[in-house]
Amino acid sequence: MDVATYLIQCLNAVQYGLLLFLVASGLTLIFGIMGIINLAHGSFYMIGAYMAFTLQPLVAQYLGGGFITTVLVCIVLAALLGYFLEWAFYSYLYTRDHLQQVLMTYGLILVFEELRSIIIDNDVHGVSAPEWLSGSIQLGDLMTYPTYRLFISAVCIIVAVFMYWLLSRTRLGMMIRAGASNREMINSLGIDINQLFRVVFALGVALAALAGAIAAPVSSVYPGMGNAVIIICFVVVVIGGIGSIKGAFIAAMLIGFIDTFGQILFPQVAGVLVYIMMATILLFKPEGLFKQG
């Protein structure tokens with residue numbers, strides 16, 4: 001493997017790991033902090049991708065905006081959807097056992113897939129990246145790397161910094177962490193924990209939809225695309241430590257490098273390398289790389 005090829009694979013691993021973190025960070029908020037086993041989180045990733053596909057021409061026609069404006073509209077709509085879903089469905093699950101959480105969120109997967117089939121169709125669609133990000137940078141004499149993939153990595157890094165600042169440096173983050181530890185105490189202090197968790201859930205849904213929207217030009221938009229990410233997102237949350245944003249970031253980057261280079265160096269067993277890593281880490285650190293909080 002020459003230097004240019006190695007560098008490209010490193011960039012691919014970083015981009016995949018960062019995008020995985022973007023999806024998994026939303027699941028970390030919902031599963032790790034709120035205690036909801038949300039199997040439908042991958043569907044929010046799919047919804048973000050399909051919104052980017054359907055809204056892009058509408059945004060261009062009525063708002064005069066391009067891809068970035070479309071992504072911003074997707075984030076707002078996804079947050080509103082998450083707020084409604086938490087109020088209508090998820091708010092009843094906090095005191096229920098995990099089996100009821102799994103059954104209801106799995107039912108939502110079926111509902112979202114059926115609605116997607118009715119409203120759109122079952123074909124594979126493409127989303128065009130903005131023209132100013134359609135170029136590439138030169139790596140070596142023969143190889144280039146798409147500028148849009150660098151854009152994805154930059155967006156994910158900005159979101160990671162924002163998440164760290166929000167949860168560790170703001171009053172809202174302090175209330176979220178306190179509410180995850182003791183809901184009754186937060187209520188007794190006069191803070192509406194139900195409203196707080198509704199905002200957290202909306203943020204988690206918006207993060208997943210953002211990941212789907214910016215990934216759409218690279219991965220295309222197709223039925224069941226959310227099912228492909230939900231399992232690996234749970235792996236990220238478990239490896240990093242349930243409720244730890246920092247742990248989710250490190251776990252996502254580890255998975256990005258192991259999966260990318262595993263497919264090149266050990267293609268026969270690449271599909272199980274991530275799970276072998278998870279089993280090894282949990283053997284020595286059952287709580288994950290970092291404890292919550």
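Nearest approach of A24 to V237, heavy atoms of both residues: O-CG2, 4.0 Å. Of all non-hydrogen atoms in L93 and Q100, the two that sit nearest each other are CD2-O, 4.3 Å. Here the closest non-hydrogen pair linking I239 and A251 is CG2-CB, 3.7 Å. Heavy atoms only, all atoms of each residue included: A202 and A79 are closest at CB-O, 3.3 Å. The two residues R116 and D121 come nearest to each other via the heavy atoms NH1-O, 3.0 Å.
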Walk me through it: do V205 and L85 pass the test side chain to side chain contact (heavy atoms under 4.5 Å, CB included)? CA-CA 10 Å; V205 173; L85 289 175; 5.6 Å; no

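The closest side-chain donor-acceptor pair between Q15 and Y148, if any, does not fall under 3.5 angstrom. There is no side-chain donor-acceptor pair under 3.5 Å between N38 and T105. Under the 3.5 Å distance criterion, with hydrogens and angles disregarded, no donor-acceptor pair is assigned to the side chains of Q101 and D97.
Of the charged side-chain nitrogens involved, at least one lies within less than 4.0 Å of a carboxylate oxygen, so that K285 and E287 count as a salt-bridged pair.
Residues L103 make up the rest of the hydrophobic cluster containing L99, defined by ILVMFWY side-chain heavy atoms closer than 4.5 Å, directly or through other members.
At most 12 heavy atoms of other shown residues, nucleotides or ligands fall within 6.0 angstrom of atom OH in Y164. More than 12 heavy atoms of other residues, nucleotides or ligands sit less than 6.0 Å from atom OH of Y275. When the shell of 6.0 Å around CD1 of I231 is examined, it contains 12 or fewer heavy atoms from other residues, nucleotides or ligands. A 6.0 Å sphere centred on OH of Y106 holds no more than 12 heavy atoms belonging to other residues, nucleotides or ligands.
When side chains are defined from C-beta on, N12 counts as touching Q9, because their heavy atoms get closer than 4.5 Å. Within the 4.5 Å cutoff, the side chain of F67 has no heavy atoms near those of the S128 side chain. The shortest distance between side-chain heavy atoms of V127 and V221 falls below 4.5 Å.
Note: L273 CG to I258 CD1 = 7.0 Å, rounded to the nearest 0.5 Å.
Remark: side-chain polar atoms of S244 are not paired, donor with acceptor, to backbone N or O of G241 under 3.5 angstrom.
Checked against the 6.0 Å centroid criterion, the rings of Y90 and F201 qualify as a close aromatic pair. The six-membered or imidazole ring of F21 lies away from that of Y16, with a centre-to-centre distance of 6.0 Å or more.
Of the options L289, D259, V236, a side-chain contact (heavy atoms from CB on, under 4.5 Å) to L254 is made by L289 and by none of the others.
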